[in-house]
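None of the values given here were measured: they were computed from a predicted structure. We use all heavy atoms of the structure for the numbers below, so side chains are in, but hydrogens, waters and symmetry mates are not.
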Amino acid sequence: MAIRSSGVCPKCARDVQDGWRVCPACAVPLLAGNSGRETETVFSHPPSSSGIEEGRFPAGTVLAGRYRVLGLVGRGGMGEVYRAHDQILNQAVALKFLAGARLDEAALARFRNEVRIARQVSHPNVCRVYDIGAIEGQHYLSMEYLDGEDLNSLIRRIGRLPQDKAIEFTRKICAGLAAAHERGALHRDLKPANIMIDGRGQVRIMDFGLARISHRLLAKGHPSWHN
């Protein structure tokens, strides 16, 4: 269902939308229209920036005969992240490319094993991992596309989370980790930048299994990964 704009926050004047219980910028409580009832909490993602330069794969490019690139959404030391449309399954996905040095067989085997384990994790608080592939010698990970904002960015923007929201987020992070640990998946790089708050306000843990391969790339002189 489309989200309609319902006005501005009475405290900070940020645009707010139907279904928001608190303003994502200043955390002031919001009311839904004239009903006088609070509605479900939703944290919005920050406005997309037109300043992000185009990646190696321009919008419209079809990769592996399957993924139509919709745009570059992030760039870091390990490579680029694209939003794409899976034309076979008819759904949005994220493609995370591992840039830099080619992976040797030992590193590739470890990476495949990490992906094999991570894709078994299915939980509301964990971003789903789908598959691994290679295009023009560069390996990529296909995963669930989340339209939202990472926890690190959210905290920088609003200063601090309300106590009840911080407790809620912590419980959901622990629940997601427990589900992953049951499958033998270890994150190895859990931090606010790898916790996503999606468009419905749900907490999602990102990037299971990437820490080990990132450390191998870092050992070869690559900068740190920030996405």
Side-chain angles (χ1 to χ4, degrees), residues 45 48-49 52-123 126-150 176 180 183-191 193-196 198 204-227:
H45 59 87
S48 59
S49 172
I52 295 181
E53 59 186 290
E54 193 172 67
R56 184 161 61 94
F57 303 112
T61 304
V62 177
L63 303 177
R66 175 174 185 173
Y67 304 109
R68 181 176 295 278
V69 174
L70 300 179
L72 177 71
V73 296
R75 171 177 282 130
M78 277 188 65
E80 298 175 332
V81 183
Y82 294 85
R83 181 184 181 186
H85 180 73
D86 185 336
Q87 299 182 117
I88 294 179
L89 298 182
N90 192 30
Q91 66 181 24
V93 298
L95 301 179
K96 179 167 286 190
F97 281 82
L98 306 181
R102 298 295 187 266
L103 304 182
D104 58 34
E105 286 303 315
L108 184 55
R110 285 194 295 270
F111 184 47
R112 285 171 176 163
N113 186 60
E114 293 293 335
V115 174
R116 186 179 301 113
I117 295 173
R119 70 184 297 178
Q120 296 179 40
V121 181
S122 178
H123 189 273
V126 176
C127 177
R128 291 300 306 272
V129 172
Y130 296 143
D131 205 356
I132 184 176
I135 295 174
E136 299 179 6
Q138 290 194 354
H139 287 85
Y140 67 88
L141 190 67
S142 64
M143 55 203 304
E144 182 180 6
Y145 176 75
L146 300 178
D147 186 9
E149 181 176 12
D150 68 68
R183 292 291 185 176
L186 298 179
H187 196 288
R188 299 186 178 91
D189 191 28
L190 188 65
K191 57 188 178 183
N194 284 331
I195 304 297
M196 198 78 163
D198 68 20
R204 311 294 293 278
I205 305 174
M206 304 277 293
D207 287 354
F208 269 98
L210 285 185
R212 178 178 295 184
I213 196 67
S214 71
H215 292 161
R216 182 172 182 84
L217 290 179
L218 290 175
K220 295 185 178 183
H222 292 269
S224 61
W225 172 252
H226 298 293
N227 292 310

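- Every residue was checked against the side chain to side chain donor-acceptor pair (under 3.5 Å) condition with His123, not counting sequence neighbours, and none meets it.
- Separating the CG atom in Leu141 from the CD1 atom in Ile132 is a distance of 6.5 Å, to the nearest 0.5 Å.
- Checked against side chain to side chain contact (heavy atoms under 4.5 Å, CB included), Ala180 has the following partners two or more places apart in sequence or in another chain: Val121, Ala185, Phe208.
- Checked against side chain to side chain contact (heavy atoms under 4.5 Å, CB included), Ala92 has the following partners two or more places apart in sequence or in another chain: Arg83, Tyr145.
- In plain terms, the two heavy atoms of Val81 and Ala94 that are nearest each other are CG1-CB, 4.4 Å.
- Taking CZ from Phe57 and CD from Glu80, the interatomic distance works out to 7.5 Å, rounded to the nearest 0.5 Å.
- Here the CZ atom belonging to Arg183 is positioned 5.5 Å from the CD atom belonging to Gln120, to the nearest 0.5 angstrom.
- Residues that satisfy the side chain to side chain donor-acceptor pair (under 3.5 Å) test with Gln91, not counting sequence neighbours, are absent from this structure.
- Of the inter-residue distances, the one linking Leu89 atom CG with Ser142 atom OG reads 9.5 Å to the nearest 0.5 angstrom.
- Residues Met143 and Leu95 have side chains not in contact (no heavy-atom distance under 4.5 Å, counting atoms from C-beta outward).
- For Tyr140, the ring-ring contact (aromatic ring centres under 6.0 Å, His included) criterion is met by Phe97, not counting sequence neighbours.
- Residues passing the side chain to side chain contact (heavy atoms under 4.5 Å, CB included) test with Arg128, sequence neighbours excluded: Ser122, Tyr130, Glu144.
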_Between His187 and Ile205, does the side chain to side chain contact (heavy atoms under 4.5 Å, CB included) criterion hold? Intermediate values first, please._
CA-CA 9 Å; His187 196 288; Ile205 305 174; 3.6 Å; yes

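- Two residues are said to be in side-chain contact when any heavy atoms from C-beta on lie closer than 4.5 Å; Val126 and Arg204 fail this criterion.
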Could you walk me through whether Asp150 and Ile195 pass the side chain to side chain contact (heavy atoms under 4.5 Å, CB included) test, one step at a time? CA-CA 6 Å; Asp150 68 68; Ile195 304 297; over 6 Å; no

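- Of the inter-residue distances, the one linking Lys191 atom NZ with Asp207 atom CG reads 8.5 Å to the nearest 0.5 angstrom.
- Counting all heavy atoms, side chain and backbone alike, Tyr82 lies closest to Val69 at CD2-CG1, 3.7 Å.
- A search for salt bridge (charged side-chain N to carboxylate O under 4.0 Å, His left out) contacts involving Arg66 returns Asp86, not counting sequence neighbours.
- The salt bridge (charged side-chain N to carboxylate O under 4.0 Å, His left out) search around Arg119 returns Asp131, not counting sequence neighbours.
- Applying the side chain to side chain donor-acceptor pair (under 3.5 Å) test to Arg116 and every residue at least two apart in sequence or in another chain returns Asn113.
- With values rounded to the nearest 0.5 angstrom, Met206 atom CE is found 4.5 Å from Cys127 atom SG.
- At least one donor-acceptor pair under 3.5 Å links the side chain of Asn194 to the backbone N or O of Asp189.
- Side-chain contact between Glu149 and Met196 is absent, with no heavy atoms from C-beta onward closer than 4.5 Å.
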